[in-house]
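Basis for what follows: all heavy atoms, side chains included, without hydrogens, waters or symmetry-related copies. Each ligand, and each atom within it, is numbered from 1 in the order the structure gives. Residue indices begin at 1 and follow the sequence shown.
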Amino acid sequence: MTDHHAAPDGPAATGLTRPGTAPGPTGPDAAVRPGLREFIAGLPKAELHVHHVGSASPRIVSELAARHPDSKVPTDPEALVDYFTFTDFAHFVEVYLSVVDLIRTPEDVRLLTYEVARDLARQQVRYAELTVTPYSSTRRGIDERAFMDAIEDARKAAEAEFGTVLRWCFDIPGEAGLTSAEETARLATDDRLRPEGLVSFGLGGPEIGVPRPQFKPYFDRAVAAGLHSVPHAGETTGPETVWDALTELRAERIGHGTSSARDPKLLAHLAEHRIPLEVCPTSNIATRAVRTLDEHPIKDFVRAGVLVTVNSDDPPMFGTDLNNEYAVAARLLDLDEQGVAALARNAVEASFLDPAGKARVLDEIDTYASAWLAG
Ligand SMILES: O=C(O)c1cccc(C(=O)CC[C@H]2O[C@@H](n3cnc4c(=O)[nH]cnc43)[C@H](O)[C@@H]2O)c1
Ligand SMILES: [Zn+2]
């Protein structure tokens, strides 16, 4: 069954569609049951794996590039489609850092954060944990106090104006070494700096040549300070990296965890201990971590009883958004409206939202799904 109607607020609305993928298996024409895209577009959702800079839409990138015209990042949305086509994960990081270079002042940080929240709210995202890499900004000269004030100011404004609750995950850009780990741990645990919205501590960037165990002391400090542990693992390396994240970094959720599918014992462990995976299907294709969408292991995760959440990672860079990721997951898992609503509930349950907040969003999901199915 095919639904050729892109959601009104789907990736097409960002002005960014990638040649070769749209129309195609991950683009806005990905085949799903009739009406399912409309259901997804209105469904209240939680987003658990989305990067701050990686969420800069062509509109935001253009505005930042106009402020800083010396940058090599194109301002034209059409040119951005080519610019955001990656040969491999290393190329992705190179391009990602060129966008990081556009964020030079606390006002840039505030603009980015507030506009990302607006884009999330348009997709009915009620709660999002945004992965922020403060090291990349402070090392480029943004004052640390001003950086924290900018994200917090945008967070509060977004909640008041859009009704979307934002929380932060501060991640270490692992390839930048232990200096970046020390700096990130300091910014996350210093009571004078640590922002109110911070809930978790992560580890991003390339995995190859960046062993996870070296970051243990920094995760120990973060956990001792009350933060949750949410490293990326098993995105571009094997299941042993996921084991390291669990045993050395005390991971409570795993960013991606794609290669877990190659280790049945690991899948059983994730299922038994209710360690959710933050699955980002289109990202895995865009960075070439997975060859084709039909080879994506999301079905193996569900079959093994692992708690699966669906996320968008760096949506404009990958020509997607959260609604489209739900449509992709629905196709891969052959889900109807009830199945999609169950995925949305998974994300709320796996989130670090307080119990009252979880109950509120779960109730919204149930009310919406019941009304849709009754109507
Ligand atoms: O900022 C620097 O100076 C710097 C120096 C060396 C290396 C890095 C990075 O590796 C930054 C990586 C950057 O990528 C973010 N990100 C976004 N999506 C993903 C993903 O799917 N998997 C891993 N990392 C991702 C991550 O949050 C880092 O900020 C930086
Ligand atoms: Zn990520």
Side-chain angles (χ1 to χ4, degrees), residues 47-56 61 84 86 88-104 109 112-113 116 128-142 144 147 151 168-184 187-188 198 200-212 214-215 218 229-237 241-242 245 249 251 253-259 276-290 296 309-322 325:
E47 162 76 275
L48 304 183
H49 188 128
V50 63
H51 293 259
H52 186 218
V53 173
S55 299
V61 171
F84 287 160
F86 310 109
D88 56 18
F89 194 84
H91 180 219
F92 161 71
V93 171
E94 186 189 322
V95 171
Y96 191 93
L97 290 179
S98 71
V99 181
V100 170
D101 280 331
L102 280 177
I103 298 148
R104 300 185 189 171
V109 175
L112 169 68
T113 315
V116 166
E129 290 171 18
L130 204 56
T131 298
V132 176
T133 315
Y135 171 78
S136 290
S137 289
T138 57
R139 110 168 178 88
R140 283 169 176 76
I142 299 185
E144 58 197 33
F147 180 88
I151 59 172
W168 317 122
C169 169
F170 278 5
D171 77 329
I172 302 168
E175 200 184 40
L178 296 185
T179 308
S180 77
E182 174 57 41
E183 180 71 349
T184 309
L187 295 169
L198 185 67
S200 60
F201 196 71
L203 172 58
E207 288 174 38
I208 296 168
V210 187
R212 311 282 100 171
Q214 65 184 311
F215 300 105
Y218 308 96
S229 166
V230 196
H232 285 61
E235 179 183 18
T236 50
T237 58
T241 309
V242 181
L249 308 184
R253 283 196 326 243
I254 300 284
H256 297 282
T258 317
S259 63
L277 295 184
E278 300 161 359
V279 176
C280 312
T282 299
S283 159
N284 297 148
I285 306 306
T287 62
R288 304 186 190 233
V290 175
H296 198 283
T309 67
V310 171
N311 305 278
S312 64
D313 211 4
D314 303 286
M317 294 188 178
F318 301 147
T320 191
D321 63 16
L322 186 61
E325 294 310 284

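- Considering only non-hydrogen protein atoms, atom 18 (N) of ligand 1 sits nearest to Asp314 OD2, 2.7 Å.
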Only pairs under 3.5 Å count here: list side-chain donor-acceptor contacts from residues 89-97, not counting sequence neighbours, and write none if there are none.
| residue | atom | partner | partner atom | Å |
| --- | --- | --- | --- | --- |
| His91 | ND1 | Thr87 | N | 3.0 |
| His91 | ND1 | Thr87 | OG1 | 3.4 |
| Tyr96 | OH | Gly54 | N | 3.4 |

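- Scanning all protein heavy atoms for the shortest distance to atom 27 (O) of ligand 1 gives Asp171 OD2, 2.6 Å.
- Side-chain contact check for His49 versus Arg253: every heavy-atom pair is 4.5 Å or farther apart.
- Close to ligand 1: Arg140, with a non-hydrogen atom less than 4.0 angstrom away.
- Residue Leu97 touches ligand 1 through its side chain alone, judged by heavy-atom distances below 4.0 Å.
- Panel detail: the Zn ion (ligand 2) has protein N, O or S atoms under 2.8 Å away, 4 in number.
- Closest protein heavy atom to atom 16 (N) of ligand 1: His51 CE1, 3.3 Å.
- Gly205 N, 2.8 Å is the protein heavy atom nearest to atom 24 (N) of ligand 1.
- The shortest contact between atom 1 (O) of ligand 1 and any protein heavy atom is with Ser136 OG, 2.5 Å.
- With a 4.0 Å heavy-atom cut-off, ligand 1 is reached by the side chain of Phe89 but not by its N, CA, C or O.
- By heavy-atom distance, the residue among His256, Arg139, His52 lying nearest atom 3 (O) of ligand 1 is Arg139.
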